[in-house]
Amino acid sequence: MNAITPIVADQELNLIPRFDITVDDRLRHQGQIWLLDRRRGGQLDFVDPRTRELLSVGDEELAGLICSGQAAILRGECDTKDEAYASAAADLELLRAPDVEDADRGTEYVRAVIRARLAYRPKTLELEKVIAEVAARLADPTPPQPYLVKRWVKRAITRAGAAGRTEDAITAADLVAQHGFKGNREPRIKFEVNKIIHQEIERVYLTRERKSFDTLVSVIRTRVRRENESRDSVDQYDVPGDKAVRNAIKSLDRDVVIERRYGSIAVYQAIGPVERRERPEAPLDDVELDHTPCDLFCLDGMTMAPLGRPTIAFSVDRCTGMPHGLHIGFDPPSAHTVLQCLRNGMFPKNYVKHYVDAGVWDIKHSWPVFGRPRRLSVDRAAENLGHDLKALAPDLPIKVIDAKAGRMPRLKGGIERYLGTLNRTLLQEQRGTTFSNIVERDDYDPKKNAVITFEELLELVHRWVIDVYMRRKHGGIKDVPVRLWGEKIQRYRPAQVENAEQLIPLFGRIETRTLRRDGIRFRNLFYQTPELMALLKNAAFLKKATNEHGRVEVRFRYDPSNMEAIQVYLPHTRKHIRVTVEKRSTAYARGLSHWAHNAILAMAKARIDGEIDIADLEDSKAQLAADMDAKVPKSFKVRGRMKIARMRQIGGVAPYGDSVRTTPEGSFEDVRQQELDAEREADAASDEDLTEEIFEPEEKPARKGNRKAKAAPQDTPATSATRQSKTRNVVVPRAEATDDNDDDIDFYAEGAPRP
């Protein structure tokens, strides 16, 4: 058995390669220059020329310092400009082709001169001989003059040394022209003038008022001239020009300039990195919800008067890109609109089929998305941070409500892009559009060009969502949303609503009041039922509901679109009971919104000094209805029309499940439509009587079918959708054509698998 050979140190075997470095070379280490003093075998001794401090490193240690960027070898008499030039000339592919070709030609002459040992003080005759040999070899018709070759040799050796290379390692990068290094690099204005420029940039230009560049230049020149008034004529400052001021602005960090003038959001939009969020694996794992003003003026379906711009609330599933919920109405973004959109998304969209079967809507496909989201992503608007949505989450249950950082729409880019696509590709192509801003609108008047009623807008948006958006390729998911939804729900089942009776009462705003013998008083209305009053004798309830002051406090939810009833929570049974308003107030409160009730209260308080009774509220309600009817034809202010539309509750609630209503039963809009229906029926009856008198029985014309006689949904929509004419001048983009057939795209086509 052979004996083990002992390990010998690498240094003793001289296995470490040595650096080719001479006393003419320098070492830059951590920003300091060191000169070579001596070499002692594998050790190099460097000395500081100012303090004579010694630095001793080995070849292997020096190689490690150079590799980590802590040290660099500088050869010859190169300066800082040569170092910058050497590093800038590294990538020849980014330079002009003629410059690179000239550098390759010059490199051949330089290398020949160095090989002939003529790099330092060459004789002209010997140099001309070398040039002639290289020119013959390259077939160069115009060989360079000796003085030019000398210049090339000096430049190449200097720049190679700046890169740490010896003269026998010359490359074309050392001779290629770098036009960006040409010209004077020293400042041409005095230090004092430069200080004035930067002070005025800080004071005038870097402000949120965004003063113009011309204003800045004018202020700087005025200040310099005032400084010159106190100086001698031979020591005057030069008045800076536009270029000097622009260069001073460019010298500042771009993100600082943008943030000071436009804010932090503009910084991200201009130079911020694009952050791509990972998409959830399962449908409805993350649903994004947001609002947008509709870029379209819509009309009243009865008077054809412009109502204004409705607010659209949308929720979108991030996993599949499928729209989840929708609400369109004249209520501004609020907890009510958020809850309406959620309710629409969580229940099936059967109302679409009811509208289509009744001949009201012309939509070819279905909307198959419904279920409970596990995570809800919203912004930090007031409606999303209130206790109403937070209290709803554990009851649904929604595991997480993720309120993104304020004013950062990029954190929920899916819904932002979705709303932008809706406005840009659909609504801005219709007559009556407001465009995205006033600059694009120019002299276009959306009120005069509006032709689409609110009911037609509701159909238009549903048709675009169902027949177009779901069935064309989505850039974010790289697939067709409805196809991806069909694939995903085969593997992951979305959480569904198991008990609608328990869930529906939760979609309301939360309040707390004291339960007394006359019931619950809320906004001058009294709510009482025998079941509620019996709780005052229930020991278990009183134990849970009585506070430290001995008062019985109850927590209830109310629907802001209908003040007729509230949902009172029973803490001892953990259930809700429906409590209606007292009988004498039923007619007043049915279909009355919370916002309209507040307006009526304000009118009553202005007329009556004292306690307000239900009779006073009914009188004020009648007066309000009369005022709305009187003001609509005369008022041309958009804000006033939108308030009236909100008061009447046009689009006050979102349809869901089998309910096709878009305004509550008993609301101003519902009563107005019933009155109009009665007038139309009376007119139709009088026309029939007149026809019977004029024509003989056999000559009677065929009776025109009444629109109300059409097959309408069971829950007749409290909109004029069943009486409207077909949509006029409506443009709906078609879905992009794909290679697959319609059966693959339409998940609910005949014969397709169903969840």
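One is the number of the first residue; the rest follow in order along the sequence.
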Indicate yes or no: at least one non-hydrogen side-chain atom of Arg223 is less than 4.5 angstrom from one of Ile220.
-> no
For Thr215, does its backbone N or O pair with a side-chain atom of Ser218 as donor and acceptor, under 3.5 Å?
-> no
Applying side-chain contact (heavy atoms from CB on, under 4.5 Å), run through Leu62 and Leu27 and close with a yes or a no.
-> CA-CA 10 Å; Leu62 179 58; Leu27 176 69; 3.8 Å; yes
CA sep, side-chain torsions, deciding dist, call: Glu200, Arg203, salt bridge (Lys or Arg N to Asp or Glu O under 4.0 Å) | CA-CA 5 Å; Glu200 295 304 325; Arg203 186 180 67 87; 2.7 Å; yes
Straight-line distance of Leu175 CG to Glu108 CD, nearest 0.5 Å | 11.0 Å
Would Asp48 and Trp34 satisfy side-chain contact (heavy atoms from CB on, under 4.5 Å), going step by step from the backbone distance to the final call?
-> CA-CA 5 Å; Asp48 187 342; Trp34 301 79; 3.9 Å; yes
Please tell me if the side chains of Val193 and Asp238 come closer than 4.5 Å, counting only heavy atoms from C-beta onward.
-> no
Which pairs with one or both residues in residues 253-266 pass salt bridge (charged side-chain N to carboxylate O under 4.0 Å, His left out), sequence neighbours excluded?
-> Glu202-Arg260
In plain terms, say whether Asp286 and Arg318 are close enough for a salt bridge, that is, a side-chain N and a carboxylate O under 4.0 Å apart.
-> yes
Let me see the working for Glu126 and Arg117 under side-chain contact (heavy atoms from CB on, under 4.5 Å), right down to the final yes or no.
-> CA-CA 10 Å; Glu126 296 178 354; Arg117 301 182 181 276; over 6 Å; no
Can you name the closest pair of heavy atoms from Ile131 and Pro144 and give their distance?
-> CG2-O, 3.6 Å
Under 3.5 Å, is there a donor-acceptor pair linking the side chains of Asp140 and Tyr109?
-> yes
Looking only at non-hydrogen atoms, find the nearest pair between Ile477 and Thr320 and report the distance.
-> CD1-O, 3.0 Å
Going by heavy atoms in the side chains, are Val245 and Asp242 under 4.5 Å from each other?
-> no
N/O donor-acceptor pair under 3.5 Å between Arg221 side chain and Pro240 backbone = yes
Backbone N/O of Glu101 and side chain of Asp104: donor-acceptor pair under 3.5 Å = no
Check the pair Leu206 / Leu252 against side-chain contact (heavy atoms from CB on, under 4.5 Å), numbers first and verdict last.
-> CA-CA 11 Å; Leu206 299 182; Leu252 302 176; 4.2 Å; yes
Rounded distance [0.5 Å steps], CZ in Arg28 versus CG in Leu65 | 13.0 Å
Do you know the tightest heavy-atom contact between Ile489 and Pro283?
-> CG2-CG, 4.1 Å
Is any side-chain heavy atom of Met322 closer than 4.5 Å to a side-chain heavy atom of Tyr469?
-> no
Using a 4.5 Å cut-off on heavy atoms from C-beta on, say whether the side chain of Arg471 contacts that of Arg483.
-> no
List the atom of Gly371, the atom of His324, and the distance in Å for their closest heavy-atom pair.
-> O-NE2, 3.1 Å
Gap between atom CG of Asp45 and atom CG of Leu55 - 0.5 Å precision = 8.5 Å
Taking Gln236 for its side chain and Asp232 for its backbone only, find out whether a donor-acceptor pair lies under 3.5 Å.
-> yes
Quick one: pull up CZ in Arg18 and CD in Glu60 and give me the separation to the nearest 0.5 Å.
-> 14.0 Å
Using a strict cut-off of less than 4.0 Å between a Lys/Arg side-chain nitrogen and an Asp/Glu carboxylate oxygen, indicate whether Glu229 and Arg226 qualify as a salt bridge.
-> no
dist Tyr237:OH -> Glu227:CD (nearest 0.5 Å) comes out at 6.5 Å
What distance do Asp285 atom CG and Arg375 atom CZ have between them, rounded to the nearest 0.5 Å?
-> 10.0 Å
Does the side chain of Val369 reach to within under 4.5 Å of the side chain of Asp317, using non-hydrogen atoms?
-> no
Do the non-hydrogen side-chain atoms of Arg40 and Ser56 ever get within less than 4.5 Å of each other?
-> yes
Which heavy-atom pair separates Pro122 from Leu127 by the least distance, and what is that distance?
-> CG-CD2, 4.3 Å
Atom of Ile401, atom of Ala393 and distance for their closest heavy-atom approach | CD1-CB, 3.5 Å
